[in-house]
Chemist: 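My structure is below; once you've seen it, I'll send some questions.
Side-chain atoms are counted along with the backbone in the values below, which use heavy atoms only and exclude waters and symmetry mates. Worth saying up front: this structure is predicted, and the values here are computed from it rather than measured.
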Amino acid sequence: MEHHRLLDAMARLARQAGEAIMAVRRAGFAVERKSDQSPVTAADRLAETIITEGLMALAPDWPVVAEEACESSDPPPPAPVFWLVDPLDGTREFAAGRDEFCACIALVEAGRPVLGVLAEPARGLVHAGGEGIGAWTEDAEGRRTPLRTRRPPPEGVIVVQSRSRSDEAAVAEHCAGMKLAGVLKLGSALKFARLAAGEADLSPRPRAAMMEWDVAAGQAVLEGAGGAVLDLQGRPLRYGKPGYRQDGFLAFGTRP
C-alpha cells in the first residue's frame, strides 16, 4: 500500500482510539500503577486494543510493538518494517483532567519512522505526516490544514518543555546562550505537533529516559512538516534498539 494511503488508514485508527479515550473519560476511570509505577487506565488498554487490531488487519505481516503489551510480555524483536504504538501518551495529564494527551502510531522502516499520527482527542484533531510526503492536521469535520515549521523569529526561540518531567535544569543548560522568547510547558508527544505547526521552535530532552514509542510518531509528523529529531550526538534517531529504549533527543522546528 502506498504511504499516503497507509497514513490515511493510520489517521482513522488513531481517531477511533481517541474517541474511545474520550468515552472512558466521560464514564469515569480508575488510575492503576504499572511495574515502573507509571499510571495506566482503562483508556490506555482500550485504545491499544483498537489500534493493534486495526493495524493487524491492515498489514498482518508487520509486528506491532505497543506499550501496554510490552508491559505484560516480552516485546517482539525489531523487524525491517514494524509499528510502534503508544495508545495514550500523557496518561499523567489525562488522569489529572488536563487535555494534553494523544494516541500515537508510527510506521518504522529500516530503523526510521517514515509515517506517524498523533490523535489529539480533547480537541478533535489528528496530526499526521512523514518525511518526504508532508504533514497535516485534520479537524473533527475532516478538513485538513497543512503543517509547516517556522524559522525562529528575531525575538527569539520558543522552547517546549515537559510539564510532568523535572528536566528544567537540563533544558536550561542546553539552551544557554540562546535568545529565548518563551517557554511552553506541555504534556505528551503533542510537543512535536506544536513544533510542526510553527507554534514553537525547539524541544530539547537531553536527559530524558523514555521509550521509542514515545517519540516515533511525533518525529514522523515533525519531519513531514520540515523539522528534525536528532540524538544527543546530532545524528538521526534510530529505532529498534535493545528494549526499544530511547535516551534523550533534540527536536527542532528548523533543521540544524
Side-chain angles (χ1 to χ4, degrees), residues 1-32 34-35 38-91 94-95 101-109 113-130 136 138 140 142 188-190 193 211-221 239-240 243-244:
M1 187 181 294
E2 296 177 350
H3 273 180
H4 74 278
R5 295 183 183 277
L6 276 173
L7 193 62
D8 287 343
M10 292 163 64
R12 288 192 294 270
L13 274 177
R15 187 175 290 282
Q16 291 170 17
E19 291 168 353
I21 289 168
M22 297 305 289
V24 171
R25 185 189 223 190
R26 290 190 293 270
F29 58 91
V31 179
E32 304 168 42
K34 297 192 283 191
S35 59
S38 62
V40 65
T41 71
D44 298 76
R45 299 188 178 104
L46 179 57
E48 182 162 303
T49 296
I50 291 169
I51 294 170
T52 299
E53 290 180 354
L55 293 177
M56 292 177 67
L58 184 65
D61 296 332
W62 296 349
V64 178
V65 180
E67 180 176 9
E68 304 313 326
C70 290
E71 167 69 15
S72 58
S73 62
D74 291 336
V81 181
F82 66 95
W83 303 101
L84 274 172
V85 174
D86 189 339
L88 176 49
D89 190 46
T91 303
F94 176 75
F101 53 88
C102 54
C104 308
I105 309 171
L107 177 65
V108 177
E109 294 182 353
V114 295
L115 299 175
V117 295
L118 304 171
E120 188 176 357
R123 297 174 65 198
L125 302 177
V126 176
H127 315 285
W136 41 261
E138 181 183 88
S188 81
L190 291 176
M211 306 301 290
E212 292 182 356
W213 50 70
D214 295 316
V215 186
Q219 177 177 350
V221 173
Y239 289 79
Y244 297 95

Chemist: Can you confirm whether T52 sits close enough to M56 that some side-chain heavy atom of one is under 4.5 Å from a side-chain heavy atom of the other?
Modeler: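 Contact flag for T52/M56 side chains = yes.
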Chemist: Applying side-chain hydrogen bond (donor to acceptor under 3.5 Å, both in side chains), which residue pairs with at least one partner in residues 5-22 are found, sequence neighbours left out?
Modeler: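 Those involving residues 5-22 are D8-R144, R15-E138.
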Chemist: Can you tell me how far CG of L55 sits from CG of L107, rounded to the nearest 0.5 angstrom?
Modeler: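 One finds 9.0 Å between CG of L107 and CG of L55.
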Chemist: Using every non-hydrogen atom in the two residues, find where A217 and V117 come nearest and quote the distance to one decimal.
Modeler: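 Heavy atoms of A217 and V117 come nearest at CB-O, 3.5 Å.
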Chemist: Please, which pairs that meet side-chain hydrogen bond (donor to acceptor under 3.5 Å, both in side chains) have at least one residue in residues 81-91, sequence neighbours excluded?
Modeler: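 Listed by first then second residue: D44-T91.
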Chemist: Between E212 (side chain) and G240 (backbone), is there a donor-acceptor pair under 3.5 Å?
Modeler: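 Judged by distance alone, yes, a pair lies under 3.5 Å.
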Chemist: Quick one: pull up OG in S38 and CE in M211 and give me the separation to the nearest 0.5 Å.
Modeler: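 CE of M211 is found 10.5 Å from OG of S38.
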Chemist: Can you name the nearest heavy-atom pair linking A43 to L88, along with the distance?
Modeler: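 Answer, listing the atom of A43 first, then L88: CB-CD2, 3.8 Å.
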Chemist: So, for S188 and C102, which heavy atoms are closest and what is the spacing to 0.1 Å?
Modeler: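 Closest approach of S188 to C102, heavy atoms only: OG-SG, 3.8 Å.
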Chemist: For A103 and A17, which heavy atoms make the closest approach, and how far apart are they?
Modeler: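 Taking every non-hydrogen atom into account, CB-CB, 4.3 Å.
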Chemist: I'd like to check Y244 versus P75 (side-chain heavy atoms, cut-off strictly below 4.5 Å). Are they in contact?
Modeler: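 Side chain of Y244 against side chain of P75, heavy atoms only: contact under 4.5 Å found.
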Chemist: Considering all heavy atoms of both residues, which atom of A189 and which atom of D214 are nearest to each other, and what is their separation?
Modeler: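 Looks like CB-O, 4.0 Å.
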Chemist: Of all heavy-atom pairs between P87 and E68, which one has the smallest distance, and what is that distance?
Modeler: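 Nearest heavy atoms, P87 then E68: CG-CG, 4.2 Å.
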Chemist: For the OH atom of Y239 and the CG atom of L84, what is their distance to the nearest 0.5 Å?
Modeler: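 Taking OH in Y239 and CG in L84, the distance rounds to 7.5 Å.
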Chemist: Using a 3.5 Å distance criterion without hydrogens, assess whether the side chain of S72 forms a donor-acceptor pair with backbone atoms of A69.
Modeler: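 Pair found, side chain donor or acceptor close to backbone of A69.
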Chemist: Provide the full list of side-chain hydrogen bond (donor to acceptor under 3.5 Å, both in side chains) pairs with a residue in residues 53-63, sequence neighbours left out, each pair given once.
Modeler: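 Sorted result for residues 53-63: empty, none.
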